[in-house]
Number of protein chains: 2
Amino acid sequence: MRIPKSVEAVIVEFEKLPGIGPKTAERLTYHLLNAPKEYAAQLASAVVDLKEKTTICETCFNITEVNPCEICSAEGRDKSAIMIVEEPLDVSALEKSRAYRGLYHILGGCIAPLQGIGPEHLRIKELLNRLKKGAIKEIILATNPSVEGESTAMYLQKLISPLGIKITRIARGLPVGADLEYADEVTLSRAIEGRMEY
Amino acid sequence: MRIPKSVEAVIVEFEKLPGIGPKTAERLTYHLLNAPKEYAAQLASAVVDLKEKTTICETCFNITEVNPCEICSAEGRDKSAIMIVEEPLDVSALEKSRAYRGLYHILGGCIAPLQGIGPEHLRIKELLNRLKKGAIKEIILATNPSVEGESTAMYLQKLISPLGIKITRIARGLPVGADLEYADEVTLSRAIEGRMEY
């Protein structure tokens with residue numbers, strides 16, 4: 001095997017990314033070889049900037065370039081609601097929906113005993129500190145509708161309810177555009193339980 | 001949508017890679033955010049090196065750091081055989097098999113009239129110049145077993161045969177580990193046509 005060292009090096013680095021196997025890493029690398037030199041330079045500098053310019057918001061723990069983050073410090077947002085999510089990627093997805101104008105709190109995962117992740121590994125203490133300041137009127141639990149996400153939501157509900165704050169959970173039901181016929185029974189039962197007046 | 005600019009920049013660059021959609025680009029970027037800083041630096045410098053250190057071999061047109069490339073200048077290789085392939089990635093795959101010890105010639109694609117790629121866009125003139133030097137005794141056509149690859153092989157066969165050089169084509173048949181039952185009819189008919197004494 002006589003791949004030039006500098007080609008091999010990029011393949012090795014790409015392979016470390018999630019979901020990128022040896023074949024895809026090779027394909028991406030050879031694509032870069034054929035791409036204009038400017039593109040490779042842009043990719044490289046963007047990756048370096050990513051690590052140098054970003055930090056974690058000390059209030060909501062989202063990824064940010066300014067501290068507190070743009071969402072926490074925004075004028076127009078509702079500062080009486082906190083939506084609790086697992087990961088920064090969830091914030092990015094929720095913001096795209098434009099359906100929510102409050103604040104966020106990123107847990108940094110969910111309670112998963114099988115992977116050894118307990119409540120002490122998540123940013124729950126920091127959440128309680130935020131709630132103690134008193135300005136929060138609603139907590140929206142937006143952990144994933146998975147087994148771990150549901151039990152994390154339940155754990156937080158028990159923990160927060162003594163504080164007398166309104167707690168809601170994002171709706172689980174049929175995704176828009178889905179076919180009722182092909183929906184699984186758990187989703188269907190959630191959709192029926194969560195029905196609203198029409 | 002309030003994604004930090006430096007995060008958005010990496011997502012945009014990743015999205016330009018083949019087979020990477022917006023969701024995957026986001027996932028890769030957030031993976032980088034969580035990865036150690038050294039990894040991002042390594043990836044960035046490997047990508048820059050890739051473009052700065054590599055060039056195209058002036059003999060076989062493979063990607064290389066030295067010119068002529070390591071294969072063309074290797075002592076132990078059979079300099080009387082040239083295997084003709086479409087892309088540098090093909091060389092990398094063939095070298096892994098360790099079944100061939102001759103030289104290569106990279107066409108830079110295959111004849112594809114629908115995409116406007118004619119013989120004049122490939123490195124066929126350069127191939128003929130190599131053959132005119134007289135040292136070559138066998139040409140192995142290793143273009144892909146696709147419609148375009150086959151017609152490119154046929155075109156080259158017609159072009160080279162007047163030179164009196166032995167021309168072979170890599171075998172098409174059942175891939176090792178495959179199930180005869182699920183093979184398509186074209187592959188099966190090729191496997192039967194190409195049968196060898198046992």
Side-chain angles (χ1 to χ4, degrees), chain A residues 1-14 16-20 23-24 26-56 62-66 69-71 74 87-89 91-93 95-96 98, chain B residues 1-14 16-20 23-24 26-56 62-66 69-71 74 87-89 91-93 95-96 98:
Chain A
M1 213 175 53
R2 288 168 184 271
I3 296 179
K5 262 185 203 158
S6 51
V7 177
E8 184 70 34
V10 176
I11 296 174
V12 167
E13 297 303 327
F14 274 139
K16 291 178 189 165
L17 293 169
I20 308 279
K23 282 279 168 192
T24 309
E26 254 192 5
R27 204 164 40 84
L28 293 177
T29 306
Y30 280 89
H31 172 86
L32 276 184
L33 276 167
N34 293 323
K37 200 174 172 177
E38 295 74 46
Y39 170 63
Q42 275 167 28
L43 174 63
S45 78
V47 167
V48 169
D49 276 4
L50 180 72
K51 299 300 276 190
E52 280 177 4
K53 291 194 181 162
T54 58
T55 180
I56 303 280
N62 196 2
I63 284 151
T64 178
E65 287 184 10
V66 288
C69 77
E70 286 182 60
I71 293 175
E87 303 288 351
L89 262 178
V91 173
S92 143
E95 284 295 289
K96 276 179 198 155
R98 295 167 187 271
Chain B
M1 213 175 55
R2 286 168 185 273
I3 296 179
K5 262 184 206 158
S6 51
V7 177
E8 184 70 36
V10 177
I11 296 176
V12 167
E13 298 302 328
F14 274 139
K16 291 178 190 165
L17 293 170
I20 309 279
K23 283 278 169 192
T24 309
E26 253 191 5
R27 204 163 42 81
L28 293 177
T29 305
Y30 280 88
H31 173 86
L32 276 185
L33 277 167
N34 293 324
K37 200 177 172 175
E38 294 73 45
Y39 171 62
Q42 274 167 28
L43 175 63
S45 77
V47 166
V48 169
D49 276 4
L50 179 72
K51 299 298 278 189
E52 279 178 2
K53 291 193 182 163
T54 56
T55 180
I56 302 278
N62 196 3
I63 285 151
T64 178
E65 288 184 9
V66 286
C69 77
E70 285 182 61
I71 293 175
E87 304 287 352
L89 263 177
V91 173
S92 143
E95 284 295 292
K96 276 179 199 156
R98 293 167 188 270

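Every chain is numbered from 1 and lettered A, B, ... according to where its sequence line falls, protein lines coming before strand lines.
Side chain of B:Lys51 to main chain of A:Glu38: no donor-acceptor pair is present (N/O by atom type, distance under 3.5 Å, no hydrogens or angles). In this structure, A:Tyr39 contributes its side chain and B:Glu13 its backbone to a donor-acceptor pair below 3.5 Å.
Counting heavy atoms from C-beta outward, B:Val10 and A:Asp49 have side chains that stay 4.5 Å or more apart. In this structure, B:Leu32 and A:Thr54 have side chains that are not in contact, with every pair of non-hydrogen atoms separated by 4.5 Å or more. Taking 4.5 Å as the limit, every side-chain heavy atom of A:Val47 sits out of range of all side-chain heavy atoms of B:Val47. Under the 4.5 Å side-chain criterion, counting only non-hydrogen atoms from C-beta, B:Leu33 is not in contact with A:Pro88.
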| task | Mind running side chain to side chain contact (heavy atoms under 4.5 Å, CB included) on A:Leu28 and B:Ile20 for me, showing each step along the way? | result | CA-CA 9 Å; A:Leu28 293 177; B:Ile20 309 279; 4.2 Å; yes
| query | salt bridge (Lys or Arg N to Asp or Glu O under 4.0 Å) between B:Glu26 and A:Lys96: does it pass, once the steps are laid out? | reply | CA-CA 13 Å; B:Glu26 253 191 5; A:Lys96 276 179 198 155; 2.9 Å; yes
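The greatest number of non-hydrogen atom pairs below 4.5 Å with chain B, out of A:Ser45, A:Pro18, A:Gly19, is found for A:Pro18.
The residue from A:Lys53, A:Glu52, A:Glu65 that alone fulfils the side-chain hydrogen bond (donor to acceptor under 3.5 Å, both in side chains) condition with B:Ser6 is A:Glu65.
If you measure heavy-atom distances from B:Thr24 to chain A, you find no contacts under 4.5 Å at all.
Summarising the geometry, atom CG belonging to B:Leu17 is positioned 5.5 Å from atom NE2 belonging to A:His31; distances are rounded to the nearest 0.5 Å.
For NZ of B:Lys23, the number of neighbouring non-hydrogen atoms (other residues, nucleotides, ligands) closer than 6.0 Å is 12 at most.
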